[in-house]
There are 2 protein chains.
Amino acid sequence: MNRKVSAITTDTFPNEMRTSLGRNLTYGLLDVIGRGIVIGEYDNVAFPTEAELARKHGVSRAVTREAVKMLTAKGLLSARPRQGTIIQPQSSWNLFDSDVLHWLLERKFSVELLRHFNQLRVAIEPEAAALAAMQATEQECAAMGAGLARMVAAEAGADNTLAADIAFHVAVLEGSGNPFYKQFRDMVASALATSIHFTNRIKGRTASIEDHRAVYDAILRRDSDGARCAMRRLIGDVLELIGEAEATASA
Amino acid sequence: MNRKVSAITTDTFPNEMRTSLGRNLTYGLLDVIGRGIVIGEYDNVAFPTEAELARKHGVSRAVTREAVKMLTAKGLLSARPRQGTIIQPQSSWNLFDSDVLHWLLERKFSVELLRHFNQLRVAIEPEAAALAAMQATEQECAAMGAGLARMVAAEAGADNTLAADIAFHVAVLEGSGNPFYKQFRDMVASALATSIHFTNRIKGRTASIEDHRAVYDAILRRDSDGARCAMRRLIGDVLELIGEAEATASA
DNA sequence: GTTTACGTAATTATCATATCTATCTGACTT
DNA sequence: AAGTCAGATAGATATGATAATTACGTAAAC
């Protein structure tokens, strides 16, 4: 396995490439450049040209162009002849792309972003719970129950707290029967994974199980408004904690 | 301008290329393939290989690959050696990508999709209004006022009803100060543009202006809950109309 | 002095071709 | 059965050449 030595090789990016099935140079470069943009690596310097990017990372221009095109599709870049490739204002980044969100949450951790995201969750998830109460199938309800059961098991150390929490919230979103809500699957998973350390540090999750169960029970008895309120309370609590943390940090 | 004649030329896709700045072959092909996938052009046939796509559209493989990569980034495709390029299940399409949403809404018009989207709006926009009531700047409030004024003007035939409606809703989203809500800008614009004919047909928009003004007033007096309720009522009405239409259609 | 027109050069866009790599299939061996 | 190897296929990558676009500086025009 003696290939040309390059900054980015197929080996450089093994398993953690959550982007579809890719573990090839293009996806590697996509990840490196994307993360670089989000971190702010190019904030005070002109973004490199295709040729420079290719040379710097030791890959061909074709690979570079494909990675750049993918980042363009995600709203991070735009390219024009003679002007070069430039970073788009953050307002046009596609935050609902799980790659972009992942990069954002991964960087120097921003409580503000976490608050913004949970301000979104407090809109989305209660409504999803309400929809789920109206039309979730038995299977979908069973998935929620399983998630809850895992949370209880995790309490006793028999399962992973984070994975259980995610499983429950994802199950509710799936139960909504609405493809837009279902899209939040990856986002919520990504964000919870990042924020769990944060929220855990502030407050034990012991009380949380009961809150989750309240959502679950309401959905089971087809109580749409009850499910909405319970879920809103659940996420509202998280939001409150974040607000307090922000206030403490700035004080 | 005598270049090689091909199925997709630079001239084929002139101005209407809302995707970033592109009016080149890659963006043209992106649009053609993307629309084809959404419409269902490949539903009962194997998706072509890169080579076939390139030949069919008369472009090089490099262009084809770039378009395919962009569609991969939007969640529509995935590619593996030997397996070929395959269409992803609809559940992994990025519905929050304005291209994807545009293609979806453009196809044989689906009332169900419209309902699903408005089920999302009824979660998002009231919360955005509530946030706007808390922290919109004077400028942002002025933008909402301007949108409302345009709606009044449109009533008298002095402005475009659709554009005015969009302007108001976008202004509220912008006023939320939350980047996730701001992302709905393009989506709401895209969806309203498609649905306006539908909703207009069912009900005159005369009553609508007062509903919009109620939202605006609540935000101005910093009444968070009032804004949320007013906006919820506004979109709830639309949702109800869609539900009735669906019931009628299936009856 | 300001604007307009235009040529130049830089950078992306495209093409064509060749080679590499991953992976499925099936035959062959153990 | 289970493992191993060979062939075939389709995407992945590299390379180099050409075209198209347009920012920018310069000169001409007003």
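Atoms considered below: every heavy atom in the structure, side chains included; atoms not considered: hydrogens, waters and symmetry mates. To find a chain, count down the sequence lines: A is the first, B the second, and so on, and within it residues start at 1.
At whole-Å resolution of the value, CD1 in B:I86 and C1' in C:dC24 are 14 Å apart. If you measure from atom CG of B:L29 to atom C1' of C:dA13, you get 14 Å, rounded to the nearest angstrom. Atom CG in B:L77 sits roughly 11 Å away from atom P in D:dG11 (whole-Å rounding). Going from atom CG of B:L25 over to atom P of C:dA16 covers 11 Å, rounded to whole Å. Atoms CD (B:E66) and C1' (C:dC15) sit 11 Å apart, rounded to a whole Å. Residue B:R82 contributes atom CZ, which lies 11 Å from atom C1' of C:dG26 at whole-angstrom precision. Nucleotide C:dT11 holds its P atom 18 Å from the CG atom of B:N24, rounded to whole Å. Look at CD on A:E52: it is 13 Å from C1' on C:dT12, rounded to the nearest Å.
Nearest nucleotide to the A:R80 side chain, out of C:dC15, D:dG11, D:dA23: D:dA23.
Take the nearest nucleotide of DNA chain D for B:T49 and for A:R61: the residue whose nucleotide is more 5' is B:T49.
Smallest separation of non-hydrogen atoms from B:I37 and B:L71: CD1-CD1, 4.5 Å.
For D:dA12, the OP1/OP2 oxygens have no side-chain nitrogen or oxygen of A:S60 closer than 4.0 Å. Contact annotation: A:R65 side-chain N/O to C:dA13 OP1/OP2 distance is under 4.0 Å. The phosphate of C:dA13 (OP1 or OP2) has a side-chain N or O of A:K69 nearer than 4.0 angstrom. In this structure, B:T85 reaches the D:dG11 phosphate: one of its side-chain N or O atoms is under 4.0 Å from OP1 or OP2.
Atom CZ of A:R185 is surrounded by 12 or fewer heavy atoms from other residues, nucleotides or ligands within 6.0 Å.
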Next on the checklist: Let's go through A:F96 and B:F184 carefully: what are the C-alpha distance in whole Å and the side-chain angles of both, what is the deciding distance for ring pair (Phe, Tyr, Trp, His ring centres under 6.0 Å) to 0.1 Å, and is it a yes or a no?
Outcome noted: CA-CA 10 Å; A:F96 298 99; B:F184 275 89; 5.6 Å; yes

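The pair A:E52-A:K56 does not meet the salt-bridge criterion, since no charged nitrogen lies less than 4.0 angstrom from a carboxylate oxygen.
Side-chain atoms of A:H212 and A:D165 include a donor-acceptor pair closer than 3.5 Å.
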